[in-house]
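Each remark here refers to the structure printed beneath this line.
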Amino acid sequence: MTGKIYPVSEAWSSSAYIDENKYRALYEQSVSDPEGFWGEQAARIDWIKPFTKVKNTSYDPHNVSIKWYEDGSLNVAANCIDRHLETRGDQIAIIWEGDEPNLDLKVTYRELHDRVSRFANVLKKHGVKKGDRVTIYLPMIPEAAYAMLACARIGAIHSVVFGGFSPDSLASRIVDCDSSVVITADEGVRGGRKVPLKANADKALEKCPSVERVLVVKRTNGTVGWTPGRDYWLAEEMESVSADCPPEEINAEDPLFILYTSGSTGQPKGVLHTSGGYLVYASLTHQYIFDYKDGDIYWCTADVGWVTGHSYILYGPLANGATTVMFEGVPNYPTASRFWDVIDKHQVNTFYTAPTAIRALMGAGDELVKKTSRKSLKLLGSVGEPINPEAWEWYYHVVGEERCPIVDTWWQTETGGILISALPGAIALKPGSATLPFFGIKPALVTPDGQPIEGAGEGNLVITDSWPGQMRSVYKDHTRFVQTYFSAYPGTYFTGDGCRRDEDGYYWITGRVDDVINVAGHRMGTAEVESALVAHPKVAEAACVGYPHSLKGQGIYVYVTLMEGIEPTEALRTELRNWVRQEIGPIATPDLIQFAPGLPKTRSGKIMRRILRKIAEDDFSNLGDTSTLAEPGVVSDLIENRMNKA
Ligand code: ATP
Ligand code: MG
């Protein structure tokens with residue numbers, strides 16, 4: 001699997017911002033002289049008061065402190081809007097594509113300025129001040145972008161909660177950050193179905209005494225409950241205020257947002273990001289990794305409820321004066337051609353999505369892709385989970401027609417922006433590898449007991465020095481921040497991910513460290529077993545976990561979702577077992593294979609292995625926090641049909 005390599009094409013290396021030589025030279029400078037490198041890069045944004053100090057960071061577990069550009073000031077919204085007005089006021093900033101294919105909207109930078117300024121004045125009118133927390137519970141509509149930027153404009157801290165979350169999940173996130181204002185909509189629309197956002201919010205607010213105001217966007221005109229004095233229609237409020245709202249001066253280290261992690265591994269954490277360093281990092285990575293050029297149409301399919309939506313739908317692209325697409329719908333509505341239709345409709349050049357979507361669309365068959373043109377596409381991206389080489393190859397050959405490099409971007413809510421990724425003009429691609437570190441990023445591998453691993457090898461992934469986009473704390477819980485990320489391997493940031501580094505220095509994320517299995521003394525990443533299974537023509541999706549095994553320590557338990565129309569049989573079980581044995585080796589042979597019509601996933605589409613592990617361990621009474629599950633129903637089916645019945 002390590003073998004395959006796709007070199008950088010001549011066209012890309014000569015046209016991209018960064019070619020291989022430039023990457024090597026700049027990377028070297030960025031890690032040997034971070035002060036110099038990040039001092040220079042910060043000039044890409046407008047500062048109100050220039051900083052005199054660049055970096056002031058400590059990973060010492062007794063005193064973890066991360067500050068960048070600490071005496072500078074700026075306004076993030078002004079950087080994303082106002083400074084573009086003179087040169088690109090009439091350029092489209094946001095292309096909104098509605099759930100129904102005939103519904104869209106284009107917003108210029110000038111219009112964005114008007115909406116955001118008014119929205120900011122509405123927030124002020126309702127008592128929101130600098131430092132106050134505002135919870136945003138909206139569907140993927142332009143108002144979500146306006147709301148986030150309006151907060152940034154006045155220095156309020158936004159906490160975006162994904163519109164698919166339940167009232168309870170919303171309530172716990174409102175309470176955790178003590179918001180006084182919630183912004184929601186009457187209903188959301190996804191895949192032709194309505195989502196009762198206002199009703200959910202009303203239910204959540206029964207548990208949230210701190211909330212004084214609810215601003216409601218009218219999306220569907222559906223009937224909603226109303227609490228007079230607390231609830232206000234946003235549109236009416238927008239008309240009642242002036243369109244003039246000078247941006248507030250914000251210190252570089254003042255918070256920009258809180259965002260809860262997706263909860264794949266446990267209780268979500270309130271990740272705190274600040275203003276200056278975050279914006280420098282988001283905009284720099286967006287420009288170089290996606291090789292964003294003026295006039296490009298850029299589409300990231302994430303939801304603004306995830307960090308990818310924050311950094312790569314909104315802040316990075318808008319800071320760079322880009323045209324960014326915001327999509328309200330889902331990949332398979334009205335048909336599984338939707339992504340490709342939208343690419344043709346808006347002539348999208350860069351397309352950035354998640355492996356879960358790629359696998360699902362691959363399962364739907366090539367015809368649905370091939371009937372579309374996709375000639376506008378130049379570059380593809382992937383984020384969220386390791387991408388199985390099989391899915392990578394399909395994305396590359398079928399979707400991108402071998403013309404578009406794929407940037408497999410590894411990062412986390414905590415990192416603010418991409419840390420490990422290819423640069424399309426500089427780094428040869430290996431399917432399934434996130435490739436090499438971005439500027440300023442120093443990854444390292446350690447053994448579980450903290451011994452450094454040099455050269456090729458596999459271990460736990462840590463980052464040995466800070467970068468400007470790094471999270472600063474867990475909101476109101478610095479102790480948890482230090483314990484979670486800085487105590488396992490003192491002096492480093494521990495990512496929680498396992499990783500392999502090959503002979504060329506390429507990084508391969510093998511899954512979460514908690515998911516690494518140890519079979520007869522042999523450490524194995526779950527990603528490798530899953531990729532082997534997904535490569536089988538009858539398998540659509542697979543998840544691998546360990547379970548206690550009397551002889552081997554841990555045995556391999558896999559859950560397999562078959563392609564449309566394939567029957568689960570005993571013969572197929574044997575076939576799959578032999579297949580993995582042949583692809584990876586006898587050590588990786590699955591002990592138990594459970595056919596599963598669906599896998600438990602977070603609402604961002606990631607497989608929740610901790611639940612699968614519990615089921616495999618036959619300990620399904622104790623599944624932990626399941627509030628972030630997309631479809632809680634799949635769990636009972638898995639328990640019902642488990643292979644390891646005690
Ligand atoms: P929680 O931290 O609450 O358990 P989470 O880790 O899923 O949730 P995110 O911050 O959204 O929350 O996801 C980051 C994780 O996603 C990474 O640590 C990694 O495990 C995985 N990931 C993201 N991008 C990639 C990628 N390109 N390749 C491999 N893994 C990836
Ligand atoms: Mg995580």
Side-chain angles (χ1 to χ4, degrees), residues 160 162 165 169 172-173 176 259-271 273 285 289 300 302-312 352-358 380-389 391-392 395 406-422 429-438 443 460-463 469-471 474 480-481 484-485 493-500 506-516 525-528 530-531 600-611 613 624-630:
V160 182
F162 174 53
F165 275 128
S169 308
S172 66
R173 287 163 176 76
D176 187 78
L259 182 62
Y260 294 86
T261 55
S262 53
S264 308
T265 53
Q267 182 73 20
K269 298 168 278 280
V271 169
H273 282 287
T285 47
I289 293 170
C300 164
D303 192 282
V304 288
W306 314 123
V307 73
T308 311
H310 283 56
S311 302
Y312 299 113
Y352 186 31
T353 195
T356 180
I358 298 168
L380 299 170
S382 172
V383 62
E385 287 183 290
I387 177 165
N388 324 92
W392 194 103
Y395 198 29
I406 297 175
V407 288
D408 175 2
T409 63
W410 174 83
W411 60 298
Q412 313 176 297
T413 310
E414 294 88 337
T415 67
I418 298 163
L419 298 199
I420 302 183
S421 169
L429 307 173
K430 298 187 187 186
S433 169
T435 77
L436 299 176
F438 190 71
N460 294 350
L461 178 63
V462 299
I463 313 289
Q470 182 167 29
M471 77 186 279
V474 170
R480 187 172 178 203
F481 178 58
T484 311
Y485 305 104
Y493 166 79
F494 176 42
T495 65
D497 284 344
C499 185
R500 181 162 63 83
Y506 275 47
Y507 290 86
W508 300 72
I509 306 298
T510 52
R512 291 153 205 287
V513 166
D514 297 345
D515 294 334
V516 169
T526 48
E528 210 176 346
E530 290 164 10
S531 289
K601 292 191 182 164
T602 62
R603 285 163 210 261
S604 52
K606 298 178 203 225
I607 299 171
M608 262 183 167
R609 288 180 192 75
R610 72 181 162 84
I611 290 181
R613 194 161 53 229
D625 181 8
T626 53
S627 66
T628 58
L629 266 178

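We count ligands from 1, going down the list as the structure has it; atoms in each ligand are counted the same way.
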- Report the C-alpha distance between Thr510 and Glu528 in whole Å, list the side-chain angles of each, state the deciding distance to 0.1 Å, and finish with yes or no for side-chain contact (heavy atoms from CB on, under 4.5 Å). CA-CA 7 Å; Thr510 52; Glu528 210 176 346; over 6 Å; no

- Query: With a 4.0 Å heavy-atom cut-off (strictly under), which part of Lys269 contacts ligand 1: side chain, backbone, both or neither?
  - Reply: side chain

- Message: Looking at Lys269, is its backbone amide N or carbonyl O close enough to the side chain of Thr261 to form a donor-acceptor pair, meaning the two atoms are under 3.5 Å apart?
- Response: yes

- Query: Could you go step by step and tell me if Glu385 and Arg512 meet the salt bridge (charged side-chain N to carboxylate O under 4.0 Å, His left out) rule?
  - Reply: CA-CA 10 Å; Glu385 287 183 290; Arg512 291 153 205 287; over 6 Å; no

- Item | Atoms of ligand 1 close to Arg512 [distance to a heavy atom under 4.0 angstrom, numbered from 1] | 5 (P), 6 (O), 7 (O), 15 (C), 16 (O), 20 (O)

- Is it the side chain, the backbone, both or neither of Thr409 that has a heavy atom closer than 4.0 Å to ligand 1? backbone

- Query: Within 45 degrees of the axis of the six-membered ring of Phe165 and under 6.0 Å from its centre: does Arg173 put its NZ or CZ there?
  - Reply: yes

- Between Thr435 and Ser433, a side-chain donor and acceptor under 3.5 Å: no

- Task: Compute the shortest N/O to N/O distance between Thr261 and ligand 1 and return yes if it is under 3.5 Å, no if not.
- Result: yes

- Short list, please: which atoms of ligand 1 are under 4.0 Å from a heavy atom of Glu414? 10 (O)

- Classify the contact between Trp306 and ligand 1 as side chain, backbone, both or neither, using a heavy-atom distance cut-off of under 4.0 Å. neither

- Message: As a check for students: among Thr510, Asp408, Thr415, identify the option with a heavy atom nearest to atom 27 (N) of ligand 1.
- Response: Asp408

- Query: Is the Tyr493 ring parallel, tilted or perpendicular to the Tyr485 ring (thresholds 30°, 60°)?
  - Reply: parallel

- Message: Is there a polar contact between ligand 1 and Gly384, counting only N or O atoms under 3.5 Å apart?
- Response: yes

- Any donor and acceptor pair, going by atom type alone, linking the side chain of Arg480 with main-chain N or O of Val474 inside 3.5 Å? no

- Is Thr495 close to ligand 1, meaning an N/O of one under 3.5 Å from an N/O of the other? no

- The atoms of ligand 1 lying under 4.0 Å from a heavy atom of Thr413, numbered in the order shown, are 9 (P), 10 (O), 11 (O)

- Query: Should the proximity of Asp497 to ligand 1, defined as any heavy atom under 4.0 Å, be assigned to the side chain, the backbone, both, or neither?
  - Reply: side chain

- Query: Of all the atoms in ligand 1, which lie at a distance below 4.0 Å from a heavy atom belonging to Ile509?
  - Reply: 29 (C), 30 (N)

- In terms of side-chain heavy atoms, does Tyr352 have a donor or acceptor partner in Thr409 at a distance below 3.5 Å? yes

